[in-house]
Amino acid sequence: MSRAFDDLGPYGGPRVSDAGPWPTEPESISPSVRSTPMPIAAIATALAADDAEERRQAAARLGRADVAEALPLLMRALGDPDWRVRKEATYACHRLIQASSPPAAEGERPAAPPAGAEGERPSAAQVLVGALLDALRTSDDVGLRNAAIEVLGYCGRDATPALVGALAELKGDERKLVVDALGRTRDPAALDALYAALAEKDDNLRQSAIEAIAGMGLIARERVTDILYERLGDRDRFVRLTALNGLNGLEAPVPWRVLSQLIDDPILRPAALVAAALAESPEAPRALVAALATARGGAFAQLVRALARLVEGPLASHAVDALRAAPQEVGARLVQAAAASPGAGAAEPPSWRGLGADPVSGRAQALVLAAMARAPGAADAAVQAMIEPALVETAQRALGLLGGEALPAVLAYLERHIDPDPDLWEGLDDATAALIDGAVAIAEQRGREGAPAHAPQPPQPAADPTLDELLGAVRRSVKSPSTLVATSALYGLAKIGTADDFPLVVSQTRAISLPVARAAESALAGLSERYPESARALARRLMQAGETHLAAAIVIEALGTADQEEIAFLTGVASVGDVRARRAAVTAVAAAAGVSALEVLSLSLADEEREVRLAAARALGRLYASLSDRAGDERARARELLSLVRASGEPELVAAAAQGGAPFRSDPPWGEAGDRLSAPVSIDGGEGPMSTSGMSGGPPSGKVL
């Protein structure tokens, strides 16, 4: 099942997979513009132009200038009235910072040179930090302030000491901006100052501080997690919400005793439900299931999502127990939620819209939960979901969870849709075939559970009326005008059919549709393995008529043994039957007669039909692999035939033999040329490696066989 419930809802914070470099620059400005030096005077002139695009192009060139010389122009560009110019100026600052920072070891932030050290020229970051903090102190320009915060974040740990000092010095809104900048630095050293800000009385400042701390969870996970846990009891609801979202982003489980106090708050509920999906207490699934009875709107979707996640984790058994012990209305709401089509606008269940809920994944999750709860109507909902391609996989899982309880709903559907009129099948083939597969799997499982150990023959399913009814529907589906449905039915008969189904399956081996005929061959082999005594008698009858020679060969191959009369029959069919019969006879004689089939295989390797040649090569490879080293003469003869296959120059033939088990790559005499399967060789009947000396390159011009 797809893990759509991994969506953490409204939380949009960073995860481990999101950690990476700063955002890449837009491609609207050519890299050559950013990298080509330009005199400062020319840049200054362009920054004074009326055209915003010209100013943006000029700001892009500042990234290759000297930072001390370009600083006044950078500040002007960062305060430009056009946001695109300001953004380009922040990219220019970023390039200057990167160019002046020493390379850092992988996974580390660049180390900052000591500020003001004698003989040390200050880095670009240090130059920018002082100027930008001055701008925060003196300027009321909102655009400049926002750009300054972004660039200060680019400066990283170079900016942390100055920002911490400014936080203690400044007052009012400027302090909130400094807190934002500290969070953007992604410097763990900033956490002490941010944590101290949580003790302030200014709620705006405290809210900015908790957001900054939560954003650093990927960099200092342990410290940040401790702070966020502590703030779940904060007096400010927004601080509690941000802390909870931050813990969800880190996928840190919250104790249920804490969550239970938050889940009733309408503002905190969505985040608390996400946290409940990560909880490790058995109380969590019971509380979530109980809330399903009355939840509305987005809260219902969040509950379904949280429970869907729980049933895939270590609390799965507790979640299933809670679902099955829930009042009947809980199951009814889940069934209704699973059956509701997107956009139907029904009042019940609540809409899947809102809070990031995806209607398709929401319905899929509700369907699985309804099946786990064994809610009345869950089977009907699963059957209907089969018609929707996006829900087929989930519907199959739901049917498997329901087991035998789902069979009546499946049978009711099959009774309505098994009809000789092809028009009635249009658009329903996939769903009907999938339902047959699912129902057969359920019946097969029930048969295994009820069969005695080491039973020589599978029990007849006549004791169960439901299985009898299913078997009747599958038999009728064999004659369906839909190829897909007919093949599914035939594969189903191979698993749950009885000896009475032999005539029906044999008749379908001659079907006009080749996929149906192939499926009938597989079904005949499956039934023969399950009912060997009946199959042996059947093979004797099938050998009498030419039109059933193919079926006879399939049965004998499935049985794996044959008497002299049957071997003589297979030998004859391998040379004079129709193509499909010859192919089946070749495979069967190799399986039933062993080394005595080498002569038949030798002749079949030269058959005019590709299908027969491939079957012979595959059978030969399988036979060679089964021979021990003690079978000297037979092994030598089989190896000689494989040498002919290799010398044939037919890659498909060589591949078929290798697929059957011919060790072309390792076993003598092919070890030296294992990487060139189609290369020509001289055939040597001895045990030593085959010689290729004296032969020209390229494949032989004609067939050797």
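For Gln207 and Glu211, the side-chain atoms include no donor-acceptor pair closer than 3.5 Å.
The shortest side-chain heavy-atom distance between Arg206 and Asp234 falls under the 4.5 Å cut-off. Leu194 has its side chain out of reach of Ile227: every pair of non-hydrogen atoms, C-beta onward, lies at least 4.5 Å apart. At least one side-chain heavy atom of Leu132 sits less than 4.5 Å from a side-chain heavy atom of Met75. With a 4.5 Å cut-off on side-chain heavy atoms, Val254 and Leu278 do not count as touching. Annotation: side chain of Leu133 is in contact with side chain of Leu163 (closest heavy-atom distance under 4.5 Å).
Between Val304 and Ala366, the shortest heavy-atom contact is CG1-N, 3.8 Å. Minimum heavy-atom separation, Ala379 to Glu405: CB-O, 4.3 Å. Here the closest heavy-atom approach between residue Val311 and residue Ala319 is recorded as CG1-CB, 3.6 Å. Ala65 and Ile40 make their closest contact through CB-CD1, 3.9 Å (heavy atoms, listed as atom of the first residue, atom of the second, distance). For the pair Ala272 and Ile263, the tightest heavy-atom approach, listed with the atom from each and the gap, is CB-CA, 3.9 Å.
Evaluation of the salt bridge (Lys or Arg N to Asp or Glu O under 4.0 Å) test over residues 266-279, restricted to residues two or more places apart or in two chains, returns none. Sequence neighbours left out, the pairs with a member in residues 74-85 that pass side chain to side chain donor-acceptor pair (under 3.5 Å) are Arg55-Asp80, Asp82-Arg84.
More than 12 heavy atoms of other residues, nucleotides or ligands sit less than 6.0 Å from atom CD of Glu200. Open room surrounds OH on Tyr195; 12 or fewer heavy atoms of other groups in view lie less than 6.0 Å from it.
The structure places CG of Leu247 at 11.0 Å from OG1 of Thr242, a figure rounded to the nearest 0.5 Å. In this structure, CG in Leu391 is found 11.5 Å from CD in Gln384, a value given to the nearest 0.5 Å. Interatomic distance, Leu62 CG to Leu71 CG, rounded to the nearest 0.5 Å: 10.5 Å. How far CG of Leu182 is from CG of Leu167: 6.5 Å, rounded to the nearest 0.5 Å. With values rounded to the nearest 0.5 angstrom, Leu152 atom CG is found 10.0 Å from Thr160 atom OG1. The CG atom of Leu177 sits 7.5 Å away from the CG atom of Asn146 when rounded to the nearest 0.5 Å.
Arg137 meets the salt bridge (charged side-chain N to carboxylate O under 4.0 Å, His left out) test with Asp134, Glu169; sequence neighbours excluded. By the side-chain hydrogen bond (donor to acceptor under 3.5 Å, both in side chains) test, Asp321 is found to be paired with no residue, residues two or more places apart in sequence or in another chain being considered. When the salt bridge (charged side-chain N to carboxylate O under 4.0 Å, His left out) test is applied to Asp202, no partner is found at least two apart in sequence or on another chain. For the side-chain hydrogen bond (donor to acceptor under 3.5 Å, both in side chains) test, no residue two or more places apart in sequence or in another chain qualifies with Asn204.
Under the 3.5 Å distance criterion, the side-chain polar atoms of Arg56 are left unmatched by any main-chain donor or acceptor of Glu88. A side-chain donor-acceptor contact under 3.5 Å links Asn248 to the backbone of Ala271. Side chain of Arg363 to backbone of Ala338: a donor-acceptor contact under 3.5 angstrom is found. A distance-only check finds a donor-acceptor pair linking the side chain of Arg221 to the backbone of Leu250 [under 3.5 Å]. Remark: side-chain polar atoms of Arg324 are not paired, donor with acceptor, to backbone N or O of Ala373 under 3.5 angstrom.
A salt bridge is absent between Arg184 and Asp180; no separation between the charged side-chain nitrogens and carboxylate oxygens falls under 4.0 Å. A salt bridge links Arg235 to Asp203: at least one charged side-chain nitrogen sits closer than 4.0 Å to a carboxylate oxygen.
When each of His94, Arg145, Lys87 is checked for a side chain to side chain donor-acceptor pair (under 3.5 Å) with Glu150, only Lys87 meets the rule.
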